[in-house]
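Computed over heavy atoms, backbone and side chain alike; hydrogens, waters and symmetry mates excluded.
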Amino acid sequence: MSPTETAAGHGTGAGTADWYRHFGTVDAPGSSACYAEWSVGVAGDPELILRIEQWPHHKRQPLLMLAAARFLGAEISPYPEFRAFLDAHWDDVSRIVLSRATQTNEAGRCATLLPSLAQIAAAEGRPLALLEVGASAGLNLFPDHYGYAFDAGGSQMTRIDPDGAPPGGFPVLRCAVTGPVPVPAGLPRVVWRAGIDLHPLDVRDADDVAWLEALIWPEQDFRRERLRQAISIAREHPPLLVAGDLNVQLEALAAQAPADAALVVFHSAVMPYLDAGGRSLFRSTVARLASGRGCHWLSNEGHGVMMQADGSAVVEEMDADRLRGRFLLLHNSRPTAITGPHGQSLEWL
């Protein structure tokens, strides 16, 4: 899932136009000038807002509508041309919005998770078993197959590559780091990987792959190339992906992890899709796993929510102004870092 799928923290009663305006003025600038212009245009277009409000509340999020248009062929253009595209394709846009979800599978997030994963493996003295909730196509289950370039500024660059992998055969995830980031010397060993998603995406299915590409913001060709390289790896090593509700499937799937591996349950930009009760149940389930089988919990989430009807927050441990479009990484509920939503930065706390 994507960072700005969560429309950071408007609270109860915020309107759809405000949601799109926030995306266009806070989330998109600096990442996509096209999405910034389109979203601000939508926000100021009452007739289009009325159309969007015919969809269920959780389907009105900006990235979902924009990705549906891109999936159907919308090109980078000024807002009036985009508006004309929507007019010509509205029935198809609605069909895609109602049948798909924002299942962004950004492999770049592995760069912000890797130091924590390496710390866990070192502390446990065991290889890792990874279980991702909200796994989409499972691309974040391969941190040991990717290369990394951690940039501390100046000439301070740490490069880590997977052992034995041919150059060009894996994506290199670049991440700007600040603070005492525990950059590992190598990659932790992963012996089991599995994920849960309501509707897992299949990297062997052309439409699912096209949807994953549509979820990447228009100008970010480097992310599109990274996605394609990650998909190639997942096709060679298909992960175990289970369809269903994370609160129903988590414990049964965790029970399949090897007993001699350190289990890590993790997620990025997933909790906004649960209401307050669902998040509370998830915390209880993870706590039960931790006290029983034993596990570590890495939560990589935005501060705000996807305009939940109950106005509840994803996390309360950090000032929203400090995060502003970034995620907060927690290890076993303890804040450890502020992360770029696509894995582009890691600020250790």
Side-chain angles (χ1 to χ4, degrees), residues 1-29 31-32 34-46 48-72 74 79 82 86 89-90 92-106 134 136 197-199 201 211-218 220 267-276 278-279 300-314 320 323-327 341-342:
M1 295 191 179
S2 160
T4 46
E5 294 148 29
T6 61
H10 293 299
T12 304
T16 302
D18 292 336
W19 195 351
Y20 278 77
R21 187 172 295 106
H22 184 277
F23 187 96
T25 58
V26 175
D27 296 322
S31 296
S32 173
C34 174
Y35 272 6
E37 180 181 348
W38 286 359
S39 298
V40 170
V42 172
D45 192 329
L48 186 54
I49 291 294
L50 285 175
R51 285 196 224 170
I52 293 170
E53 289 183 338
Q54 299 304 305
W55 298 332
H57 191 270
H58 68 289
K59 292 290 187 177
R60 301 173 194 171
Q61 61 211 92
L63 186 57
L64 180 56
M65 189 274 278
L66 299 175
R70 293 279 291 164
F71 182 77
L72 293 166
Y79 178 71
F82 176 64
L86 293 179
H89 299 84
W90 188 253
D92 287 332
V93 169
S94 291
R95 174 177 57 81
I96 298 299
V97 164
L98 295 175
S99 63
R100 291 281 186 176
T102 45
Q103 294 173 282
T104 303
N105 209 182
E106 180 47 71
S136 186
D197 200 281
L198 283 173
H199 304 286
L201 298 180
W211 180 241
L212 286 170
E213 293 204 8
L215 287 164
I216 292 177
W217 299 14
Q220 297 184 337
H267 51 87
S268 295
V270 172
M271 292 299 104
Y273 293 89
L274 304 180
D275 61 17
R279 289 197 289 273
N300 189 39
E301 298 283 345
H303 182 272
V305 301
M306 191 186 64
M307 294 183 64
Q308 297 276 9
D310 63 7
S312 54
V314 177
L323 292 179
R324 193 169 178 78
R326 295 185 292 169
F327 287 177
H342 295 145

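- A 4.5 Å side-chain heavy-atom check between S136 and L212 finds at least one atom pair inside the cut-off.
- Distance check: R279 CZ to M271 CE gives 8.0 Å after rounding to the nearest 0.5 Å.
- Nearest heavy atoms, A36 versus G24: CB-O, 3.4 Å.
- No hydrogens or angles considered: a donor-acceptor pair under 3.5 Å links the side chains of Q61 and T102.
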* Starting from the C-alpha separation in whole Å, work towards a yes-or-no answer on side-chain contact (heavy atoms from CB on, under 4.5 Å) for F71 and V93. => CA-CA 9 Å; F71 182 77; V93 169; over 6 Å; no

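- A269 and F327 make their closest contact through CB-CZ, 3.8 Å (heavy atoms, listed as atom of the first residue, atom of the second, distance).
- Using a 4.5 Å heavy-atom threshold, the side chains of L48 and L86 count as touching.
- Side-chain contact between Y20 and M65: present, with at least one pair of heavy atoms (C-beta onward) separated by less than 4.5 Å.
- In terms of heavy atoms, P56 sits closest to L98 at CD-CD2, 3.6 Å.
- A 4.5 Å side-chain heavy-atom check between S32 and Q220 finds every atom pair outside the cut-off.
- Not a single donor-acceptor pair under 3.5 Å links the side chain of N300 to the backbone N or O of S268.
- Shown here for D197 and G134, the closest heavy-atom pair between the two residues is OD2-C, 3.4 Å.
- For Y79 and D45, the side-chain atoms include at least one donor-acceptor pair closer than 3.5 Å.
- The CG atom of D275 sits 12.5 Å away from the NE2 atom of H58 when rounded to the nearest 0.5 Å.
- Side-chain contact between L63 and W217 is present, with heavy atoms from C-beta onward closer than 4.5 Å.
- Counting heavy atoms from C-beta outward, R70 and Y35 have side chains that approach closer than 4.5 Å.
- Taking the six-membered ring for Trp and the full ring otherwise, the centers of W55 and W90 sit less than 6.0 Å from each other.
- Nearest heavy atom pair, residue R60 against residue I52, reads CG-O, 3.5 Å.
- Side-chain atoms of K59 never come within 3.5 Å of backbone atoms of A101 as a donor-acceptor pair (strictly under, hydrogens ignored).
- Taking both residues in full, the closest heavy atoms of A68 and V97 are given as CB-CG2, 3.8 Å, listed atom of the first, atom of the second, then distance.
- The line from CG of L215 to CZ of R100 is 9.0 Å long, rounded to the nearest 0.5 Å.
- For the residue pair H199 and Q103, no side-chain donor N or O sits within less than 3.5 Å of a side-chain acceptor on the partner.
- Between F82 and L66 the shortest side-chain heavy-atom distance falls below 4.5 Å.
- Of the possible donor and acceptor atoms, one in the side chain of T25 sits under 3.5 Å from a partner among the backbone N and O of R21.
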